[in-house]
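As structure tokens, the structure follows; a few thoughts come after it.
One is the number of the first residue; the rest follow in order along the sequence. Read the numbers this way: they start at 1 and go in the same order the structure lists the ligands and their atoms.
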Amino acid sequence: MSHLETTYYDVVVCGGGAGGVGAAIGAAKAGAKVCLVEKYGFLGGAATTSQVLAYCGLYQQGKDPIQAVAGVAEELLTELRALGLSADPHCSETTGNWIVMLDTELLKLALDRLLRKYQVDIHLHTRCAAVSRTGKDIEAVTLAGMEGRSRVVADAFVDASGDANLAMLTGVDYQIGNREHKLQALTMPLRIGGVNPSVKIDRANLQKAIGDYNINGQFPIARTDGGILIRLPLSRDLWWMLVDLPLDDLTSRSFTTAEMNGREMAHAYLAMLKQLPGCEQAYLVSTGPQVGVRETRHPESRYTITRDDILEGAEREDSVARAAWPIELHAEAGKPVYHSIGGRGFAQVPYDSLRAKGVDNLWYAGRVIGADDQAYGSVRVMGTAFATGQAAGVAAADFADRHHVSDVSSVQRQLLAQGAML
Ligand SMILES: Cc1cc2nc3c(=O)[nH]c(=O)nc-3n(C[C@H](O)[C@H](O)[C@H](O)COP(=O)(O)OP(=O)(O)OC[C@H]3O[C@@H](n4cnc5c(N)ncnc54)[C@H](O)[C@@H]3O)c2cc1C
């Protein structure tokens, strides 16, 4: 190991999605020297890797949008607006929830600019590939990049990989999927061009076309309501969620089957769409670099947020973030079920749900945080991921500074100073 080139940081963040971006900037603003590692050639996580082109969880459910997440997410929206995206809350026609619609290319650029502004050392095309430990701490991460392997030593680490890769490499126990090890369905969001913005897709027509397709079609469509279908900003392309795929396990073979079947389904469903008036010239702009993955590993944390915490809108003294998205479950492919949040319309996220069990210098961000299978349906969304990421980053920087885990009040003070909402 020692022959590898070694660099030193205060905080290393694994993953450049909403959770990782929140963590890297939160840590950098707290004064840490930060390294962010991302396996793709751009930041954004599911938004840019899988065309998940809407931020959920930034606002509470209700008649009017009430903000639930600020801080880093707010700074990103400001960058996006400077690039010409409205980034205003939009009420989803199908769910009635408030979302912020995105544009992939503007998002990539806005994220680059924001991270550069805070002098985060970004390693794209690089994976966290191995971990070395000393007792209860992580000592270093081995990175696999274009130039081969290198070693990064740091005081504190944040797992924002979505898949809990860092926790897994560290040896933290984890559960795959829910208690029965069943995983939420994959979805391949489609981007459809060639449908004039003046054309309003008639849902009744679409549902009839789906009914007809389902009689003999090779890939029966579960979302018989037509799925989520929204115009994207700028391009006015259609953003369509109709391709749902079950996932049996986390093997590469299962993902390969899903990716290839997903593409077959995308083209078959496009052919069906083209039969609708005004859609004759429709074409598939993109299926995204990879299929959308909702759920993989849940590593052990020091607190597990429960379904009741979310449904009651639990308020807590050790809160470091707000979860405002209703519980959204995808147990059956294509049949999402929603449960609203009680109380004041958000649940407070406890600090210990961000802390790895049994490892003192590892924090969780985004969809890696400790939550049971139902609470996970709320806390995983990207708006909330920015908030839990920022909290994990601040806590990691605080640890790097003091070399011990300080009282949550120190983390809360710094988060408030950074404009976060607790
Ligand atoms: C089909 C679908 C629809 C969804 N709809 C919405 C929606 O409309 N709005 C919403 O807010 N949320 C939605 N979600 C949920 C949301 O996208 C995710 O839960 C969210 O992206 C989690 O953010 P994250 O930062 O934790 O993880 P991710 O966005 O998954 O980011 C993790 C990053 O880590 C990187 N990474 C992983 N392993 C390594 C490694 N070893 N080394 C280096 N880098 C690594 C990955 O490449 C990735 O960029 C949806 C999810 C799916 C699948």
### Message
Please list the nearest protein heavy atom to atom 13 (C) of ligand 1 with its residue and the distance rounded to 0.1 Å.
### Response
V52 CG1, 3.5 Å
### Query
Considering only the protein, which heavy-atom contact is closest to atom 38 (N) of ligand 1, and what is its distance?
N165 ND2, 2.8 Å
### Any donor-acceptor N/O pair, W98 side chain to G62 backbone, under 3.5 Å
yes
### Query
In the protein, what heavy atom is nearest to atom 42 (N) of ligand 1, and what distance, to one decimal place, separates them?
C128 N, 3.0 Å
### Query
Quick check: does W239 get an N/O under 3.5 Å from an N/O on ligand 1?
no
### Query
Of the protein's non-hydrogen atoms, which lies at the shortest distance from atom 11 (O) of ligand 1, and what is that distance?
M382 N, 2.8 Å
### Task
Please confirm whether G20 comes within less than 3.5 Å of ligand 1 when only nitrogen or oxygen atoms on both sides are compared.
no
### Query
Does the pair K33/D401 count as a salt bridge with the N-to-O cut at 4.0 Å?
no
### Task
Please check if the distance between the ring centroids of Y303 and Y351 is under 6.0 Å.
no
#### Entry: Ligand-residue contact atoms, ligand 1 with G17, heavy atoms, under 4.0 Å
25 (O), 31 (O), 33 (C)
### Atoms in ligand 1 with a heavy atom of Y40 nearer than 4.0 Å
47 (O)
### Closest non-hydrogen atom pair between L422 and Q348, with its separation
O-NE2, 3.3 Å
### Distance-minimising heavy-atom pair for R231 and R236
NH1-O, 2.7 Å
### Summary
Note: ligand 1 atoms sitting under 4.0 Å from heavy atoms of G366 are 26 (O)
### Query
Considering only protein heavy atoms, which is closest to atom 23 (O) of ligand 1, and at what distance to one decimal place?
A385 CB, 3.9 Å
### Message
Can you tell whether the side chains of R223 and D225 come within less than 4.0 Å, N to carboxylate O?
### Response
no
### Query
Given that the side chain starts at C-beta and the backbone is N, CA, C, O, which of these parts of T126 lies under 4.0 Å from ligand 1, counting heavy atoms, or is it both or neither?
backbone
#### Entry: Worked check of ring-ring contact (aromatic ring centres under 6.0 Å, His included) between Y269 and F219
CA-CA 9 Å; Y269 300 170; F219 302 103; 7.2 Å; no
### Query
When you measure from the side chain of E295 to the backbone N and O of Q184, does any donor-acceptor pair fall under 3.5 Å?
yes
### Task
Please confirm whether A18 comes under 4.0 Å of ligand 1, counting heavy atoms of the residue only.
yes
### Query
Which atoms of ligand 1 are found less than 4.0 Å from any heavy atom of G19?
25 (O)
#### Entry: Donor-acceptor contact below 3.5 Å, side chain E79 vs main chain A110
no
#### Entry: Proximal ligand 1 atoms for G292, defined as those under 4.0 Å from one of its heavy atoms
53 (C)
### Query
Which ligand 1 atoms are under 4.0 Å away from a heavy-atom of C56?
7 (C), 8 (O), 9 (N), 10 (C), 11 (O)
### Task
Could you walk me through whether E139 and R151 pass the salt bridge (Lys or Arg N to Asp or Glu O under 4.0 Å) test, one step at a time?
CA-CA 10 Å; E139 182 195 26; R151 188 164 180 262; 3.4 Å; yes
### Query
Counting heavy atoms only, which of G45, G15, A160 comes nearest to atom 32 (C) of ligand 1?
A160
### Task
Please confirm whether G44 comes within less than 3.5 Å of ligand 1 when only nitrogen or oxygen atoms on both sides are compared.
no
### Summary
Logged contact type for V293 with ligand 1, heavy-atom cut-off 4.0 Å, is backbone
### Task
Inspect the contact between D88 and R81 and indicate whether a charged nitrogen and a carboxylate oxygen are less than 4.0 angstrom apart.
yes
### Task
For atom 2 (C) of ligand 1, grab the closest protein heavy atom and report residue, atom and distance to one decimal in Å.
R294 NH2, 3.7 Å
### Task
Say whether S50 and ligand 1 are in contact under the criterion: heavy-atom distance to a ligand atom below 4.0 Å.
no
### Task
Between I369, T187, V379, flag the one that comes closest to atom 1 (C) of ligand 1 by a heavy atom.
T187
### Query
Is a side-chain donor or acceptor of D309 paired with a backbone partner of A314 at a separation under 3.5 angstrom?
no
### Query
Does some side-chain heavy atom of W239 sit less than 4.5 Å from a side-chain heavy atom of R191?
no
### Task
Would you please determine whether D163 falls within less than 4.0 Å of ligand 1 on a heavy-atom basis?
no
### Query
Which heavy atom of the protein is the closest neighbour of atom 37 (C) of ligand 1, given with residue, atom name and distance?
S161 O, 3.3 Å
### Query
Does Q60 use its side chain to pair, donor to acceptor, with the backbone of R344 at less than 3.5 Å?
yes
### Message
Regarding ligand 1, does A46 bring an N or O atom to under 3.5 Å of one of the ligand's N or O atoms?
### Response
yes
### Query
Does a side-chain N-to-carboxylate-O contact under 4.0 Å join K357 and D173?
no
### Task
Look at atom 19 (O) of ligand 1 and say which protein heavy atom is nearest, naming residue and atom and giving the distance to 0.1 Å.
R380 O, 2.7 Å
